[in-house]
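All remarks here apply to the structure that follows.
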Amino acid sequence: MAEDVMPIRRIDHVRFFVGNARQSAYFYRNAFGFDVVAYAGLETGVRQEAGYVLKQGNITFVLASPLTADHPENHRLIQHGDGVQDIALEVEDVPAAYATAIERGATGVSPPTIREDRYGIYEYATIRAYGDTTHTFVNHDRYHGVFAPGYEPIDPERYGPRRSRPGGLLEIDHIVGNVEKGRMDAWVHFYQTVMGFSQMISFDDRDISTEYSALMSKVVAGGQGRIKFPINEPADGRRRSQIEEFLEFYGGPGVQHIALLTEDIIETVRNLRQNDVSFLRVPPTYYEALPDRVGPIEEDLHTLAELGILVDRDDEGYMLQIFTKPVEDRPTLFFEIIQRRGSKSFGKGNFKALFEAIEREQALRGTL
Ligand code: FE2
């Protein structure tokens, strides 16, 4: 294996910039089963923004909202609506990671910075990725607070006992970016050269096309394969693809979906449906064709059909997945729930059925 030019431990957290973090935190807690563990805002001495830290398994989401008209990130809300601002990567050595990235062509946003409070030392530095999305390199080995300077454990009075069902979500499996037509290879190149990622697999429009929607996708992986970032670009179709719809409503490239890993997708999806999470539905004919396409599986086919869970198989095993509808009014960011039984792939065999389902939704929005 080649020398790791950019040793990354893991995805530390995903930061969302949203219009009303307090209400978004309620949604992610009660719909997806996250625990709200920390808060930053006026009460903790932070004047500029409110932040909520949500945890489930090894997944950390940060929801931030501006408190004043002069917050430097306010333009994001007009341009993009709610969305992913930053995918933070935990590294051993922040200055080294930043220096390597800049030397290899990244654009800096914040140089290495040390923030210190009574809980210790928190180090970070930020570079640009696709669109307005950024990557922050963080190290909190010497920080013993609940999250980062400015954050305190959430007031236990803020939320009552949980009435919603648990999500059973364990890890971020992959995070997908949509970029403009013709820009996919440039971003694959960015992750390869700047971040030292390697390319896993690619699909082209022969794999992923329906009558209307087509896309191209390549997957880059880093952090010894633990971090997977598929990158999509629109391909020519007869009508407007879902990627173009995203680019229009997000106002440029950005994170399209975050896939969250579970060890029991049936239990997870049953609970999330009870919690009012809306998922895409494929037609019943999908399940008639399933046994021939994927062969024997452990799960009961009728249960999968009832919950709308999709299955795909490759040489190494199979995987089960399902996609939510967009989680904001703009048809932009959505989530995937995924369970792996050997397969390391992304569900290529489901794309056609899935895109037809997405197109039915697009037709309802008048954006096909
Ligand atoms: Fe995915």
Side-chain angles (χ1 to χ4, degrees), residues 11 14 32 57 59 61 83-84 87 129-130 133 167 169-179 184 187-188 191 197 199-205 207-210 213-223 225-235 241-243 245-246 250 253-263 265 268-269 272 277-282 286 294 308-314 316-327 331-359 361:
I11 295 176
V14 178
F32 285 90
I59 308 159
F61 286 170
V84 172
I87 302 166
Y130 44 81
T133 316
L169 302 170
L170 303 170
E171 303 273 351
I172 292 175
D173 186 87
H174 58 275
I175 300 180
V176 181
N178 282 345
V179 301
M184 174 182 68
W187 284 106
V188 167
Y191 282 102
F197 282 34
Q199 192 184 326
M200 283 180 72
I201 32 169
S202 65
F203 315 107
D204 63 24
D205 50 1
D207 294 326
I208 316 176
S209 65
T210 61
S213 244
L215 68 80
M216 310 238 274
S217 186
K218 289 183 177 174
V219 183
V220 289
R226 287 187 299 270
I227 301 167
K228 286 162 281 180
F229 292 156
I231 312 277
N232 297 333
E233 71 175 15
S241 77
Q242 50 158 315
I243 311 301
E245 185 195 39
F246 175 98
Y250 195 70
V255 171
Q256 179 211 39
H257 76 265
I258 301 176
L260 303 173
L261 194 71
T262 171
E263 273 174 357
I265 196 167
T268 292
V269 172
L272 298 196
V277 175
S278 302
F279 292 98
L280 285 175
R281 281 267 183 204
V282 294
Y286 173 91
V294 302
I309 296 166
L310 311 176
V311 191
D312 198 19
R313 183 182 285 282
D314 61 22
E316 294 175 286
Y318 67 97
M319 53 93 91
L320 305 105
Q321 66 184 165
I322 190 168
F323 296 85
T324 72
K325 293 183 181 179
V327 292
T332 54
L333 177 72
F334 59 89
F335 288 88
E336 172 180 350
I337 308 300
I338 181 168
Q339 180 180 358
R340 296 192 177 278
R341 290 198 184 271
S343 166
K344 294 193 185 74
S345 64
F346 299 85
K348 181 173 91 170
N350 288 322
F351 284 5
K352 190 166 187 296
L354 207 57
F355 288 4
E356 284 165 357
I358 291 171
E359 282 164 12
E361 302 278 321

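Whatever order the structure lists ligands and atoms in, that order sets their numbers, starting from 1.
At distances below 3.5 Å, not a single donor-acceptor pair connects side-chain atoms of T133 with backbone N or O atoms of G254.
Ring geometry for F335 against F61 counts as tilted: the plane angle lies between 30° and 60°, on a 0 to 90° scale.
Looking only at protein N/O/S atoms, the ones less than 2.8 Å from the Fe ion (ligand 1) make 3 in total.
The shortest non-hydrogen separation linking L169 to F32 is CD1-O, 3.9 Å.
Under the side-chain contact (heavy atoms from CB on, under 4.5 Å) criterion, F246 pairs with N178, Y250, Q256, T332, sequence neighbours left out. For D312, the side-chain contact (heavy atoms from CB on, under 4.5 Å) partners are R293, M319, K348, N350, not counting sequence neighbours. With sequence neighbours excluded, the residues satisfying side-chain contact (heavy atoms from CB on, under 4.5 Å) with E233 are V179, M184, M216.
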